[in-house]
Amino acid sequence: MNRDSNAKYDHRAIEDKWRYRWEERGDYRIDIDNAKRPFYNLMMFPYPSAEGLHVGNVYAFTGSDIYGRFMKMQGYDVFEPIGFDAFGMHSENFALKKGIHPAELVPKNIANFRDNQLKKIGAMYDWSRQVDTTDKKYYKWTQWFFTQLFNHGLAYETDASVNWCPSCQTVLANEQVISGECERCSSEVIQKTMNQWFFRITAFSEQLYNNLDVIDWSEITKTAQRNWINRSEGAEIDFGIDRLDEALRVFTTRPDTVFGATYMVLAPEHPLVGKITSAVQKKAVEEYVDAAVRKTEQERIDEAGKKTGVFTGGYAVNPLNGKKIPVWVADYVLIGYGTGAIMAVPAHDERDFAFARTFDLPIIEVISPDGTAHELNEAYIGEGIMVNSGEFNGMNSRDAIQKITVWLEEKGKGEKKVNFRLHDWCISRQRYWGPPIPVIHCDSCGPQAVPEKNLPVELPEMEDFRPDGTGRSPLARNEKFVNTTCPKCGGPAKRETDVMDNFLDSAWYFFRYPSTECENKPFDRERTHKWLPVDMYIGGNEHAVLHLLYTRFITMALKDMGYIDFDEPFKRFRAHGLIIRDGAKMSKSKGNVVNPDVFIDKYGADCFRTYLMFLGPYTQGGDFQDKGITGVRRFYDRLYRIVQSGDLRKTQIEDTELLTLIHKSIRDVTAHYENLEYNTAIAFMMELLNGLMKKEVINKESIEILIRLVAPFGPHLAEELWEMLGHSDSVFNAGWPEFDESKIVIDTFELVAQVNGKVRATMKVPVNITKEGAISSASENQNVVRFLDGKTVVKTIYVPGKLVNIVVK
């Protein structure tokens with residue numbers, strides 16, 4: 001066999017051939033109802049931007065598809081659907097920029113994504129079940145989800161301080177504000193009080209938090225959700241208000257420090273600010289509040305910033321000792337956290353300490369590390385012995401937490417409380433490109449959900465869909481849309497004109513895929529029971545507290561409402577890594593994206609898929625370097641030449657060394673597939689090919705094993721080679737190779753010989769070699785000898801099973 005031939009496979013012809021054949025045979029169209037071993041393999045569906053897919057997108061989709069193909073070869077009926085998350089501000093903003101209506105732009109983008117890119121990357125998508133969130137057949141059911149939540153008390157309308165993006169001219173959910181900036185456009189977000197629609201996600205705070213201990217998700221994602229939900233145990237305490245028959249309720253995780261409260265702080269938006277403020281302080285407080293609400297949340301909580309605040313002129317009363325405590329307003333307290341008010345204990349809280357020093361407020365030590373009084377130069381935040389705490393003096397502070405909480409409950413002054421940082425999901429958007437919120441406002445009956453028979457509430461065509469800065473949706477300008485009748489009393493009424501957050505579109509899409517042909521329900525119960533929860537979901541960790549948290553909420557709500565019998569959407573979730581280029585994450589906003597089309601055309605989809613997975617561990621990502629792809633292409637060319645030559649031995653493999661290599665390769669490659677360690681799996685396959693090519697003859701069986709191992713990475717070429725070897729069925733129906741542990745007999749290893757820490761030679765030596773034998777083998781190697789000539793050996797280091805390092809001078 002001429003293994004040095006320059007023959008290369010024609011990737012364009014081969015990939016066109018197999019894409020056509022897969023489609024013609026319906027290889028990846030799943031029989032949803034009759035599948036024997038269902039495996040739901042899901043990837044986060046893309047939003048169809050006009051720019052098209054970039055390399056980072058292909059990286060994410062390819063890694064998911066490889067896992068799906070791996071499971072298919074193990075005998076599972078793998079369902080791998082795809083769709084388009086096509087509503088939302090990104091598409092609308094781009095349409096505004098280009099002066100094209102999104103209803104015209106988005107379908108073109110979808111066609112480009114589907115036909116010119118996604119169909120060419122070699123993924124086994126079931127295109128018969130594509131979803132498009134802008135299709136009224138889809139968003140009818142998005143609106144249905146809203147009505148179900150509304151009817152079960154999980155959707156409500158209220159005035160609230162919300163995040164407003166001045167650039168996008170819309171409200172954002174808390175999860176869409178990153179470090180005080182809009183996650184879409186990076187503009188600074190300000191606070192506004194507006195009437196908005198919310199989903200009561202906090203009704204599931206405990207379940208959302210506790211389930212993180214048992215779900216099989218990437219730890220980095222679970223940690224992000226834990227930090228966002230932020231469960232804390234403590235007590236809510238009622239402080240009386242001097243001269244008012246009202247109580248000021250605060251939440252604290254440290255009720256043991258209540259005797260050390262020397263002032264109270266209200267958030268500027270707190271409803272009691274106006275009542276507590278004295279006439280003398282009214283002007284100062286109003287000016288401070290007006291300035292505070294203009295700041296971003298990040299500016300307000302920045303602990304490194306200068307502490308600001310103003311005294312209200314009012315006083316609260318400590319329920320444990322009856323002492324009056326001045327009440328301040330300060331912007332470092334946020335209305336959305338806890339009760340929007342705190343008891344400030346400067347001796348034992350760093351922020352309170354800094355504030356007290358700034359405004360010369362008392363600092364009273366109530367927890368001492370050794371039970372004696374101290375002059376404090378900084379806050380002491382540890383445990384200790386109670387001091388200055390009345391009847392609780394001398395008690396360990398940890399015990400005092402419970403004792404004081406019980407005392408408060410007995411006196412009716414407080415209660416044990418679990419608190420969460422998580423707040424309800426604001427889903428109103430004052431934009432055009434989204435599903436209208438299906439609510440009708442009636443002066444007599446109040447807000448009414450649109451009846452299911454009247455869904456969908458179609459998004460009307462509007463030539464002028466630009467937001468006007470009034471805080472109202474463009475739909476509010478469309479009187480034909482707005483004016484309607486009440487479904488309850490039949491009187492005149494008006495439609496809700498806000499549209500829904502596009503994260504609701506994506507919070508349920510995986511329920512729809514198995515049931516896309518169902519016109520009278522969002523999903524079929526029997527199919528949902530058969531296919532869900534999703535077996536494997538792969539996506540970006542940047543959605544840890546956006547999409548992924550919302551999907552969990554929707555799933556839990558559906559279970560509570562009796563529609564499904566499970567409370568978590570995904571059995572496994574794995575966060576893929578990020579592709580970087582020029583030291584930064586590859587993204588359109590960074591201007592460092594790479595168009596995958598060029599590489600797929602030049603090298604082939606199989607080569608490009610494999611190269612992307614070779615950049616680094618899939619869950620960590622890698623640095624994209626253009627020239628690295630040629631090594632992968634050489635690997636595939638060599639494999640193609642071997643099969644093309646036809647010079648393969650058809651007898652059984654008897655070479656013990658080769659059997660060891662083959663079965664070890666199957667074992668190791670399989671393990672790395674299972675753990676998404678694709679880069680290492682590729683390295684083992686390359687090592688196997690090198691081992692085969694060292695033999696005088698190559699067995700057909702060994703090449704067939706390698707082709708099956710390679711197939712999930714290079715599906716088109718694997719199919720072609722499999723056919724060239726005489727098989728009529730798909731390689732993906734051939735089954736995954738099995739290894740025999742008894743045949744993995746390793747009696748030698750590669751000993752590395754170093755001189756002064758630099759590798760000078762490698763040699764095969766017996767696994768049972770002695771230290772003396774290893775040193776002797778290394779010292780006598782000709783490549784090593786020339787670096788020892790004329791030198792004095794200072795010492796020799798032997799690492800068993802690995803290396804010999806000879807230190808000379």
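Throughout, numbering of the chain's residues begins at 1 and tracks the sequence. None of the values given here were measured: they were computed from a predicted structure.
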Quick check: does any side chain N or O of [X] sit under 3.5 Å from a backbone N or O of [Y], one acting as donor and the other as acceptor?
X	Y	answer
Arg572	Asp535	no
Gln117	Leu53	yes
Asp126	Ile30	yes
Tyr618	Ala60	yes
Asn756	Val808	yes
Arg760	Phe787	no

Under the side-chain contact (heavy atoms from CB on, under 4.5 Å) criterion, do Asp597 and Asn116 qualify, and how do the steps go? CA-CA 9 Å; Asp597 302 355; Asn116 298 328; 5.8 Å; no
If you count the non-hydrogen atoms of other residues, nucleotides and ligands that lie under 6.0 Å from [atom1] in [X], is the total more than 12?
X	atom1	result
Glu738	CD	no
Ile220	CD1	no
Tyr209	OH	yes
Glu657	CD	no

Value rounded to 0.5 Å, distance of [atom1] in [X] from [atom2] in [Y]:
X	Y	atom1	atom2	value
Asn805	Ile797	CG	CD1	5.0 Å
Trp22	Ser730	CH2	OG	8.0 Å
Glu741	Lys664	CD	NZ	10.5 Å
His672	Arg667	NE2	CZ	9.5 Å

With the side chain counted from C-beta on, respond yes when [X] and [Y] share a heavy-atom pair under 4.5 Å apart, and no when they do not.
X	Y	value
Cys165	Met89	no
Val731	Arg708	yes
Met763	Asn781	yes
Glu80	Met43	yes
Ser64	Asn41	yes
Gln176	Thr170	no
Leu118	Phe84	yes
Cys607	His11	no

Going by atom types alone, do Trp217 and Gln225 pair a side-chain donor with an acceptor below 3.5 Å? no
With a 3.5 Å cut-off and no angle check, do the side chains of Gln625 and Asp623 form a donor-acceptor pair? yes
Angle class for the [X]/[Y] ring planes (parallel below 30°, perpendicular above 60°, tilted otherwise)?
X	Y	answer
His547	Phe570	tilted
Trp433	Phe87	perpendicular
Tyr673	Phe70	parallel
Tyr611	Phe608	tilted
Tyr636	Tyr9	perpendicular
His576	Tyr59	perpendicular

Could you list the residues that satisfy salt bridge (charged side-chain N to carboxylate O under 4.0 Å, His left out) with Arg638, not counting sequence neighbours? none
Could you walk me through whether Tyr28 and Phe732 satisfy the side-chain contact (heavy atoms from CB on, under 4.5 Å) test, starting with their C-alpha distance in whole Å, then the side-chain angles of each, then the deciding distance to 0.1 Å, before giving a yes or no? CA-CA 11 Å; Tyr28 305 132; Phe732 294 100; 4.1 Å; yes
Does the ring of Trp228 carry Arg421 above it, NZ/CZ under 6.0 angstrom from centre and within 45° of its axis? yes
So which heavy atom on [X] is nearest to which on [Y], and how close?
X	Y	result
Ser49	Asn109	C-ND2, 3.7 Å
Ile579	Phe624	CG2-CB, 3.9 Å
Val784	Ala761	CG2-CB, 3.9 Å
Ser218	Arg574	OG-CA, 3.2 Å
Leu548	Arg552	O-CG, 3.2 Å
Asn541	Ala575	CB-CB, 3.8 Å

Can you list everything that forms a ring-ring contact (aromatic ring centres under 6.0 Å, His included) with Phe61? Sequence neighbours excluded, please. none
Could I get the full list of side-chain hydrogen bond (donor to acceptor under 3.5 Å, both in side chains) partners for [X], not counting sequence neighbours?
X	value
Asp10	none
Arg19	Asp16
Arg21	Glu723
Tyr509	Tyr537

So that I can tick it off, tell me whether [Y] and [X] are bridged by a salt bridge, with the cut-off set at under 4.0 angstrom between side-chain N and carboxylate O.
X	Y	answer
Arg633	Asp606	no
Asp601	Arg12	yes
Lys72	Asp65	no

When you look at Phe503 and Trp425, which way does the ring-ring contact (aromatic ring centres under 6.0 Å, His included) test go after all the steps? CA-CA 10 Å; Phe503 276 100; Trp425 174 14; 7.7 Å; no
Against Lys222, only a single residue in Ile215, Asp213, Asn211 fulfils side chain to side chain contact (heavy atoms under 4.5 Å, CB included); can you say which? Ile215
Could you go through Thr680 and Asn675, starting from their C-alpha distance and side-chain angles, then the distance that decides it, and tell me whether this counts as side-chain contact (heavy atoms from CB on, under 4.5 Å)? CA-CA 10 Å; Thr680 315; Asn675 295 320; over 6 Å; no
Given side-chain contact (heavy atoms from CB on, under 4.5 Å), test Tyr513 with Tyr40 step by step and report yes or no. CA-CA 10 Å; Tyr513 279 135; Tyr40 195 163; 3.2 Å; yes
